[in-house]
**Student:** 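The structure follows.
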Amino acid sequence: MIKTIAYLGLRTMGTGMVSNLFKAGCKLTILLFIGGGSLMGQQPKEVEPQQLVFKDDGTIPNNTLPLLLYREAFAANTTDLASLIEQRFAENDWTGSWRAGVYPFPHYHSTTHEVLGVFAGSATVRLGGAQGTTVKVGPGDVIVIPAGVGHQNLGSSADFSVVGAYPGGRRWDLLRGLPGERPQADRNIAAVPLPDNDPLYGPNGPLKRIWKSQ
């Protein structure tokens, strides 16, 4: 009887082990082997997000839904971390992704929620507008920003980069808290639906549990 052993990379098995498997009558099946290995099967670790709630400050509307900060959801030393984050977001229907930094001026989106996954460098980001909270983020950190919540890069390393995406690939706008944006921005924010999935953990992730409770 021939046994089948499936694996994702030759480097995970020594040559001696491979030889012994063949001697034992095993058939070796290679599923995927691309460079340093496939991104498939690499999952973010389970992290309970920090919740941050910001009130309307008269300029930035913010949201009653809490911003969710997942610390070190991905290992910082992961090979091709950007692609892994991008893939994980897409699997959970957070799409329309891009790779770049974060604007250095206060801004928010009234038509969609947004997720940012840091894959390189570090930054100090102010969340919630001028009266909000300042946090430092680095590789592997993920921020889910409800529609209307302000965010701004106060300073970063030269290589700071994130993957951004949106639930269902919704279209985003760019508002800066300027006169004339409201009350239309408030109407837009109120109309944004809750996502079907947590961008990291899918339909059973903490996002739906936390946001539905609001």
Side-chain angles (χ1 to χ4, degrees), residues 6 8 31-32 34 37-54 61-100 102 108-119 125 127-128 133 135 137-151 161-174 185-214:
L8 294 178
L31 295 180
L32 282 170
I34 304 174
S38 169
L39 295 176
M40 291 182 63
Q42 297 186 43
Q43 303 294 331
K45 67 181 181 182
E46 293 187 15
V47 176
E48 184 66 21
Q50 178 183 354
Q51 302 179 41
L52 300 171
V53 180
F54 306 103
N62 290 310
N63 201 310
T64 57
L65 297 174
L67 177 146
L68 304 179
L69 174 57
Y70 298 78
R71 288 290 190 187
E72 300 178 352
F74 296 92
N77 61 352
T78 300
T79 300
D80 197 1
L81 180 56
S83 293
L84 178 59
I85 294 173
E86 202 169 60
Q87 175 181 299
R88 188 61 179 175
F89 290 169
E91 287 172 352
N92 291 309
D93 197 31
W94 287 67
T95 55
S97 64
W98 47 266
R99 301 182 188 185
V102 175
Y108 66 95
H109 312 297
S110 74
T111 57
T112 183
H113 310 302
E114 181 178 50
V115 63
L116 303 178
V118 183
F119 67 85
V125 180
L127 305 169
T133 299
V135 299
V137 294
D141 291 339
V142 173
I143 311 172
V144 180
I145 306 172
V149 173
H151 44 296
S161 298
V162 304
V163 171
Y166 309 91
R170 290 180 64 88
R171 294 194 175 189
W172 54 275
D173 58 358
L174 181 64
D186 300 305
R187 291 192 288 267
N188 292 346
I189 293 165
V192 177
L194 291 180
D196 292 327
N197 298 306
D198 184 296
L200 295 178
Y201 309 115
N204 298 318
L207 181 147
K208 289 188 73 174
R209 167 173 50 82
I210 294 170
W211 281 11
K212 278 191 173 183
S213 70
Q214 304 302 311

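What you see below is based on every heavy atom in this structure, not just the backbone, and it leaves out hydrogens, waters and symmetry mates.
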**Student:** Could you pull out the closest heavy-atom pair between Pro61 and Asp186, with the gap in Å?
**Tutor:** CB-OD1, 3.7 Å
**Student:** Can you find a pair of side-chain heavy atoms, one from Leu65 and one from Val149, that are under 4.5 Å apart?
**Tutor:** no
**Student:** Find out whether Glu72 and Val47 are in side-chain contact, i.e. whether some heavy atom of one side chain is under 4.5 Å from a heavy atom of the other.
**Tutor:** no
**Student:** Does some side-chain heavy atom of Asp80 sit less than 4.5 Å from a side-chain heavy atom of Gln87?
**Tutor:** no
**Student:** For Val163, does its backbone N or O pair with a side-chain atom of Trp98 as donor and acceptor, under 3.5 Å?
**Tutor:** no
**Student:** What are the two closest non-hydrogen atoms of Val115 and Pro199, and how far apart are they?
**Tutor:** CG2-CG, 3.9 Å
**Student:** Determine whether Tyr108 and Asn63 satisfy the following criterion, side-chain contact (heavy atoms from CB on, under 4.5 Å), listing intermediate values before the conclusion.
**Tutor:** CA-CA 11 Å; Tyr108 66 95; Asn63 201 310; over 6 Å; no
**Student:** Just by distance, do the side chain of Asp173 and the backbone of Ser110 share a donor-acceptor pair under 3.5 Å?
**Tutor:** yes
**Student:** Answer whether the closest heavy-atom distance between the side chains of Pro203 and Asn197 falls below 4.5 Å.
**Tutor:** yes
**Student:** Is Glu46 atom CD crowded by more than 12 heavy atoms from other residues, nucleotides or ligands, each under 6.0 Å away?
**Tutor:** no
**Student:** Report the C-alpha separation of Gln51 and Val53 in whole Å, then their side-chain angles, then the decisive distance to 0.1 Å, and conclude whether the side-chain contact (heavy atoms from CB on, under 4.5 Å) test is met.
**Tutor:** CA-CA 7 Å; Gln51 302 179 41; Val53 180; 5.5 Å; no
**Student:** At their closest point, which heavy atom of Thr112 faces which heavy atom of Pro167, and how far apart are they?
**Tutor:** OG1-CD, 3.7 Å
**Student:** Taking the side chain as every heavy atom from C-beta outward, state whether Leu200 and Phe74 have any atom pair closer than 4.5 Å.
**Tutor:** yes
**Student:** Say you draw a straight line from CG of Leu68 to CH2 of Trp211; how long is it, rounded to the nearest 0.5 Å?
**Tutor:** 6.0 Å
**Student:** As an exercise, state the distance from CZ of Arg171 to OG1 of Thr111, rounded to the nearest 0.5 Å.
**Tutor:** 10.0 Å
**Student:** Heavy atoms only: give me the nearest Ile145-Ile143 pair and the separation to one decimal.
**Tutor:** CG1-CG2, 3.7 Å
**Student:** Atom CZ of residue position Arg209 - does it have more than 12 heavy atoms of other residues, nucleotides or ligands inside 6.0 Å?
**Tutor:** yes
**Student:** Is the backbone N or O of Leu207 less than 3.5 Å from a side-chain atom of Asp198, with the two atoms forming a donor-acceptor pair by type?
**Tutor:** yes
**Student:** Working to the nearest 0.5 angstrom, can you tell me the gap between Glu48 CD and Ile210 CD1?
**Tutor:** 5.0 Å
**Student:** Under a 3.5 Å distance rule, please check whether Tyr70 uses its side chain to pair with a backbone N or O of Val144 as donor and acceptor.
**Tutor:** no
**Student:** Arg99 side chain to Ser161 main-chain N or O, any donor-acceptor pair under 3.5 Å?
**Tutor:** no
**Student:** What pair of heavy atoms forms the shortest contact from Phe54 to Leu67, and how long is it?
**Tutor:** CE1-CB, 4.2 Å
**Student:** Got a donor-acceptor contact below 3.5 angstrom from the His113 side chain to the Ala147 backbone?
**Tutor:** yes
**Student:** For Gln214 and Pro66, work out which heavy atoms get closest and say how close.
**Tutor:** CG-CD, 3.7 Å
**Student:** Are Pro139 and Phe119 side-chain neighbours, meaning at least one heavy-atom pair lies under 4.5 Å?
**Tutor:** no
**Student:** What I'd like to find out is whether the side chain of Leu84 reaches to under 4.5 Å of the side chain of Arg88, using heavy atoms alone.
**Tutor:** no
